[in-house]
Protein chains: 2
Amino acid sequence: MSIALVIPDRKLDQLQQKLQQQLPGVAIEIWPDVQEPEAVTMAVLWRQPPGCLSQMSNLKALQSFGAGVDNILIDPTLPDLPLARIVDPMLTQSMLQYLQGVVQHYQLRLDEFSAQQRKQIWKARSPRKLQFICVLGLGELGQAVASHFAGLGFVVSGWSASQKTLAGVQCFAGETAFSDAVGDADLVICLLPLTALTENLLDQQRMALLKPGVILVNVARGAIVDDLALLQNLDSGHIAAACLDVFRTEPLPTEHPFWQHPAILLTPHISAVTNADTAVAQIAENYRRSLAGLPLLNLVCQQRGY
Amino acid sequence: MSIALVIPDRKLDQLQQKLQQQLPGVAIEIWPDVQEPEAVTMAVLWRQPPGCLSQMSNLKALQSFGAGVDNILIDPTLPDLPLARIVDPMLTQSMLQYLQGVVQHYQLRLDEFSAQQRKQIWKARSPRKLQFICVLGLGELGQAVASHFAGLGFVVSGWSASQKTLAGVQCFAGETAFSDAVGDADLVICLLPLTALTENLLDQQRMALLKPGVILVNVARGAIVDDLALLQNLDSGHIAAACLDVFRTEPLPTEHPFWQHPAILLTPHISAVTNADTAVAQIAENYRRSLAGLPLLNLVCQQRGY
């Protein structure tokens, strides 16, 4: 019995070593150099190429290496097995730190002062009035983020597919409530999962429902935002600024207009990075559970997509 | 009896109106159009031109329009009268908000990611380890700032001319302790008053005592920092980045190299702006006190300079 790490384009020796310490006696194989595919009972996945699991005929469980699973479910050859994801409390901390820094960046108008600096313009301005924040997506991270900003005194609304209840947050659910959820927001944070239903959700039509001068922050998945519609809305000023940490293609291709747009703050997918130790502990625990026939921790509903 | 507002190059109708509401029956005159200089018993000052008070022969009190008084004491013709400054709790709030935003800006490496964005470089980096903050100057603002960051879990040291005691902050005093105060700091915040003793205090020699890779934030007065030494230390990398809100000459002259330096974040003196309502209340109270022969609130020691 063994575990296969199917995580292309990443150095995996450290992960392999740490997993080995947690699971002595279990072979930890790194794809594509899997010596005994039929011995693999669990595969740890991140952007796996379709077909790569075909020879692992005794798989019992699948484990995402991150919090998201859209990059895993996209594979049409994925076997119909229990799939778990990592739920990392440090990931929430890292996301909160990122978003709080970004909100303060815009409150202090560091975006405008940087632009003024490049043009040698001296013009004092008082802080931006960011009072109302809307969080799109109320999963683990979305709930933590909404509660965090509500606790800091912001007026916070949340929008999700199914109705949620969250202290201090006005929760909206479903397509028809979108306009009410975002209508008053000075800043919108996208934390939706990427599914067939959320792809291009932030298109021209829905962007038109945002308040003029709004700031958009995307820390979920690039494909939820219609790139062209965003550029048009930034150019017209309907959206005042955008902070983007995620992109349709990552790394963002050099020819993409986002790079040089003056109203975009671009960070290279750093808002929430899975902590290796947390990931290792959860992978090891789920491996033990799959052997014992227990349900995996942090199971994903494959049909729902998250 | 009247008050003269001696605040060149600023629209003063609102201030005049608000003061009038607080002090009905008192003439509020705006320099240089003072109708009856000999009736003026209190002058509100900010960067007053030397000699401008010479005809106000019945002055009893001087009031700074801001928290600092260096721009007032520089006038060799200043009469030897009680001088008060504004102590504005909202000013402290505004300073804390500014500094917290700046610290998070550097923690998140938004400076580096902005630079990468301009060069179309995609390179993820984990947050900067900013653990140790040193606050130079432990007056009203310095103490509030040091306590604030200590409360957030940073290791905080403070340095001042006279020994201070502050819960959770390691306090150092005097020239010989400077090196110990700043030696371990990842980020140094300058909140010193500008006096003959602090002018050019941050020169080449003292910058050499800072930890390599330190970040310098100046929210006090531009003249405390030796501009040329700062540029040299930024170019050598000894100082990794500087956030400057104050400058030797304001607005910063267009030819000044600070504008275009890639390691400088420049803001147009916005870190702590006196709230008009607070200022009006304190000016009115001090006017009443000066008439009643009571000591002014927030008196400045002219000899010490703050």
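Chain A is the first sequence line, chain B the second, and so forth, proteins listed ahead of strands; every chain is numbered from 1.
- The main-chain N or O of Gly68(B) is found under 3.5 Å from a side-chain atom of Ser64(B) such that the two form a donor-acceptor pair.
- Identified by a heavy-atom distance below 4.5 Å to chain A, the contributing residues of residues 105-117 of chain B are His105(B), Gln107(B), Leu108(B), Leu110(B), Phe113(B), Ser114(B), Gln116(B), Gln117(B), in residue-number order.
- In this structure, Ile189(A) and Ile133(A) approach most closely via the heavy-atom pair CD1-CG2, 3.9 Å.
- The main-chain N or O of Leu194(A) is never found under 3.5 Å from a side-chain atom of Asp70(A) such that the two would form a donor-acceptor pair.
- For Ile270(A), the part lying under 4.5 angstrom from a heavy atom of chain B is the side chain only.
- Both the backbone and the side chain of Leu266(B) come within contact range of chain A, judged by heavy atoms closer than 4.5 Å.
- Side chain of Ser94(A) to backbone of Met90(A): no donor-acceptor contact under 3.5 angstrom is found.
- Between the side chain of Asp186(A) and the main chain of Gln131(A), a donor-acceptor pair closer than 3.5 Å is present.
- No donor-acceptor pair closer than 3.5 Å links the side chain of Trp31(B) to the backbone N or O of Leu45(B).
- Between chain A and the residues Gln260(B), Gln120(B), Lys119(B), the largest count of heavy-atom pairs under 4.5 Å involves Gln120(B).
- Residues passing the salt bridge (charged side-chain N to carboxylate O under 4.0 Å, His left out) test with Glu140(A), sequence neighbours excluded: none.
- For the pair Asn200(B) (side chain) and Ile224(B) (backbone), a donor-acceptor distance under 3.5 Å is absent.
- Both the backbone and the side chain of Ile264(B) come within contact range of chain A, judged by heavy atoms closer than 4.5 Å.
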